Amino acid sequence: PRSCLAACAARTLLVPLIYACVRPRLVHGMGGNVVLLLATALLALSNGVLATASMMQVARLAPEGLREEGVYVAVAGVYFGLAAGG
């Protein structure tokens, strides 16, 4: 759980980097495009890894009788987040 929290906090550092590559274009030329592509790819990859890791944590940490329901709630949260665009 703490490693997931640390990874989520580290992902927030990618947002200013992406912003700096787009507006006000602090990184010029092809280098800015490469940094933007790599930061976006890292953001997408970490999103998948963290979603999967959190699903595994729910199944492991929930009480024995509530594991299946806990996973259903977690999946609903992921679907809601995807539908909301975040």
Side-chain angles (χ1 to χ4, degrees):
R2 283 198 171 150
S3 61
C4 284
L5 184 60
C8 288
R11 288 182 72 213
T12 61
L13 298 175
L14 291 173
V15 175
L17 177 64
I18 291 172
Y19 182 76
C21 290
V22 177
R23 291 267 185 236
R25 196 73 174 171
L26 298 177
V27 182
H28 296 286
M30 186 176 144
N33 292 336
V34 171
V35 170
L36 180 63
L37 179 66
L38 291 176
T40 305
L42 185 60
L43 195 62
L45 180 67
S46 65
N47 190 43
V49 168
L50 290 172
T52 303
S54 65
M55 294 292 173
M56 292 167 49
Q57 292 295 323
V58 167
R60 195 186 79 181
L61 297 175
E64 185 67 38
L66 297 175
R67 286 186 180 163
E68 190 172 351
E69 288 82 4
V71 171
Y72 289 151
V73 171
V75 168
V78 168
Y79 285 163
F80 179 74
L82 289 171

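These numbers come from the heavy atoms of this one structure, side chains and all, not from hydrogens, waters or symmetry mates. Nothing here was measured: the structure is a model prediction, and the numbers come from that model. Starting from 1, each residue takes its place in the sequence as its number.
In this structure, Thr40 contributes its side chain and Leu37 its backbone to no donor-acceptor pair below 3.5 Å.
For the pair Ile18 and Ala39, the tightest heavy-atom approach, listed with the atom from each and the gap, is CG1-CB, 3.7 Å. The two residues Arg11 and Leu50 have their closest heavy-atom pair at CD-CD1, 3.4 Å. Between Val78 and Met55, the shortest heavy-atom distance links the atoms CG2-CE, 3.2 Å. Considering all non-hydrogen atoms of both residues, Arg60 and Arg67 come closest at O-NH2, 3.9 Å.
Residues Leu36 and Leu13 do not share a hydrophobic cluster, clusters being chains of Ile/Leu/Val/Met/Phe/Trp/Tyr side chains in contact below 4.5 Å. Note: the hydrophobic cluster containing Tyr19 does not contain Val34 (ILVMFWY, side chain heavy atoms under 4.5 Å, direct or indirect links). Both Leu82 and Val71 belong to a single network of hydrophobic side chains, linked directly or stepwise wherever heavy atoms of I, L, V, M, F, W or Y lie under 4.5 Å apart.
Taking OG1 from Thr12 and CG from Leu43, the interatomic distance works out to 10.0 Å, rounded to the nearest 0.5 Å. The CG atom of Leu38 sits 12.0 Å away from the CG atom of Leu45 when rounded to the nearest 0.5 Å.
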